[in-house]
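Have a look at the structure below before the remarks.
In what follows, chains carry the letters A, B, and so on, assigned in the order in which the sequence lines appear, proteins first and then strands, with residues in each chain numbered from 1. What you see is a predicted model; the values in this text were computed from it and never measured.
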Amino acid sequence: MADYTNLEKVRLEKLNRLREQGIEAYPRRVERTHSIQEAVEAFLAQEEDPEAPEIQAVLAGRIRSVRPMGKVIFAHIEDGSGRIQLFFRANDIGVEQLDFFNQYFDLGDFIQASGKIFRTRSGEISLAVSSYRMLAKAITPLPAAKESVVDGEVVSHATLSDPETRYRQRYADLAVNPDVRRIFQLRFNTIRSIRHFMDSRGFLEVETPILQPIYGGAAAQPFTTYHNQLKQELYLRISFELYLKRLLVGGFDKVYEIGRDFRNEGVSYKHNPEFTQMEFYWAYADYRAVMDFTEEMLAYVVEEVLGEKRFTYKGQEIRLDQPWARIELRQGLIDETGIDIQEHLTAEELAAAMKDLDMEVDPGASRGKLIDDMLGHYLEPTFIQPTFVYDYPREISPLAKTKPDDPDTVERFEGFMGGMELCNAFTEINDPLDQEERFLEMGRSYSSEEDEHHPLDEDYLRAMRYGMPPNGGFGMGVDRLVMLLADQPTIREVLLFPHLRESGE
RNA sequence: GGGCGUGUAGCUCAAUGGUAGAGCAGUGGCCUUUUAAGCCAUUGGUUGGGGGUUCGAGUCCCUCCACGCUCACCA
């Protein structure tokens, strides 16, 4: 067990003394009659009605502040619904009970308190305590120096702010920083409203394997694992795509999944090794329909979560109450960089044109990669307002159908907001022969030894050979959407337990 | 992986190379409507780890660890 700090030793000693007196510091049963919010609401109703009886309540919560004043004590307790002041008075409970509280109760302890709801002279709704008992003794003090309520707002003074401790001990961060709790409330509201929108549009929520014998659907490095009894190498999925599209073959027309993807790559303010993705596949739709649908979905979600179709991210107002900008990738690059990718049909030519403009060029990159680099560098940061960029190079889009009149360009779009890529969609390939060829173009092989990083998913092709309806597919980084809605600059702030290195403690 | 920066009490932060401090929390006392309650007293440190320079290192140097920002990477 850990070494205890002096502060912890003091509390352990209090715990021991309670136990010596036969007092259970962690009782099994609680007699709570109201949440704090319910008690406050009941009291407000009683105040409106002169005939109404007084509100007697048994409340439970964590002690967040204590102000002992001789023969009276004020304290605030907090439960999941809110906080309320406790008022202990020697006249009501006796000096002995008052002293007992002072001796054995600390900030962070959970307490049950019974009594009548009333207003103090200063007008604060409070519980006049007639009896109380310990529900859970806290050994480690919460990392907050002090809290107060100013104009109804909880103000924390010198609260926990070290990011490392906040992420490693998220429980303490959440316990002490109400704003952090709000971010996660918003996160889960966001996911719920995505779900609600998809359900209302007739999509079926499904679950597909996270442990996969062959990974695919994206260009990321996977995490590998191993099933001992089956003696089988497995991968954590990098996308849901190939499994969800198998379901279209099976006869489900509209499916979606919200879940975790895992990518064994760099960590940044917008990348975490595991992240939440929403993907849907929609039979008989194409990327134009998906684009319209995306616009509707995000306007709906933003309004559901924030109450209006606009919000502020990094000081800039982002509006979803108007149509998204729609920019053809080729035209966008012409406008921003002056380079027309149609005039540079090989990687060498394009790289030369880029170098002429003093752009950094990744040596050995394919033409598609160079185009994507330019998009990421010169266009993406400028897309603050919701923007669709459409029609991408074939060679970086192996699952997307080409345009009818242009075999080198595919029907694909990405959605941007706040200078970040948010989603990615295309008219999906449903021609098994075309798909096989595209896989082979990407360097995937039937022999896993040749290129074990990009194994060819033969079962997926088999599924497609049974007949897959034309369809449009879509994937969105849910964490990034939450970053936008919560106005948070890093993905870590919207992940409950973001990845950190081992601390070695 | 590169560059820059940070790491001091439970929390938030000070400290020209010269005795490691403050506020809050904690502990003891006073105080019967407070709300960062107040007043008096007081405990608390291997200055992230290791090594070096120096009469003397929180401070300068080396190294390791963690975190942050940034660049690179990232269909």
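For A:T490, the side-chain contact (heavy atoms from CB on, under 4.5 Å) partners are A:Y167, A:Y269, A:R492, A:E493, not counting sequence neighbours. Shown here are the salt bridge (charged side-chain N to carboxylate O under 4.0 Å, His left out) partners of A:E328, two or more places apart in sequence or in another chain: there are none. Shown here are the side-chain contact (heavy atoms from CB on, under 4.5 Å) partners of A:K355, two or more places apart in sequence or in another chain: A:V361. By the side-chain contact (heavy atoms from CB on, under 4.5 Å) test, A:D434 pairs with A:I429, A:D431, A:R438, sequence neighbours left out. Applying the side-chain contact (heavy atoms from CB on, under 4.5 Å) rule to A:P273 yields the partners A:F223, A:V267, A:H499; only residues at least two apart in sequence or on another chain are considered. Under the salt bridge (charged side-chain N to carboxylate O under 4.0 Å, His left out) criterion, A:E47 pairs with A:R119, sequence neighbours left out.
A:K9 comes within 4.0 angstrom of nothing in the nucleic acid, heavy atoms only. Across all strands, A:F87 comes closer than 4.0 Å to base atoms (heavy-atom distances).
In terms of polar N and O atoms assigned as donor or acceptor, the side chain of A:T120 comes within less than 3.5 Å of the base of B:rU34 in a complementary pairing. A donor and an acceptor atom never sit less than 3.5 Å apart when one is taken from the side chain of A:E124 and the other from the base of B:rU33.
Counting only residues at least two apart or in different chains, salt bridge (Lys or Arg N to Asp or Glu O under 4.0 Å) contacts with residues 92-104 of chain A comprise A:R89-A:D92. A salt bridge (Lys or Arg N to Asp or Glu O under 4.0 Å) check over residues 371-380 of chain A, counting only residues at least two apart or in different chains, returns the pairs A:K270-A:E380, A:K369-A:D373.
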Do any N or O atoms of the protein come closer than 3.5 Å to N or O atoms of nucleotides 42-45 of chain B, and which pairs are they?
none

Using atom names, set out every protein N or O paired with an N or O of nucleotides 5-7 of chain B below 3.5 Å, distance rounded to 0.1 Å.
none

Taking only nitrogen or oxygen atoms into account, show me every contact under 3.5 Å that the protein makes with nucleotides 70-73 of chain B, one pair per line with its distance.
residue, atom, partner, partner atom, Å
B:rA72, OP1, A:H377, NE2, 3.2

Please output the side-chain donor-acceptor pairs of residues 344-351 of chain A that fall under 3.5 Å, not counting sequence neighbours, one pair per line with the distance.
residue, atom, partner, partner atom, Å
A:T346, OG1, A:E349, N, 3.1
A:T346, OG1, A:E349, OE2, 3.4

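In this structure, A:R168 reaches the B:rC67 phosphate: one of its side-chain N or O atoms is under 4.0 Å from OP1 or OP2. A sub-4.0 Å separation between OP1 or OP2 of B:rU12 and a side-chain N or O of A:S161 is present. Under 4.0 angstrom from either OP1 or OP2 of B:rU33 there lies no side-chain N or O belonging to A:R119.
Geometrically, A:R412 engages A:Y392 in a cation-pi contact defined by less than 6.0 Å to the ring centre and at most 45° from the axis.
When the P atom is used for both B:rU6 and B:rC62, the distance is 14 Å, rounded to whole Å. Between B:rU35 and B:rC24, the distance separating the two C1' atoms is 16 Å to the nearest Å. Taking atom C1' in both B:rC40 and B:rC4, the straight-line distance is 48 Å, to the nearest Å.
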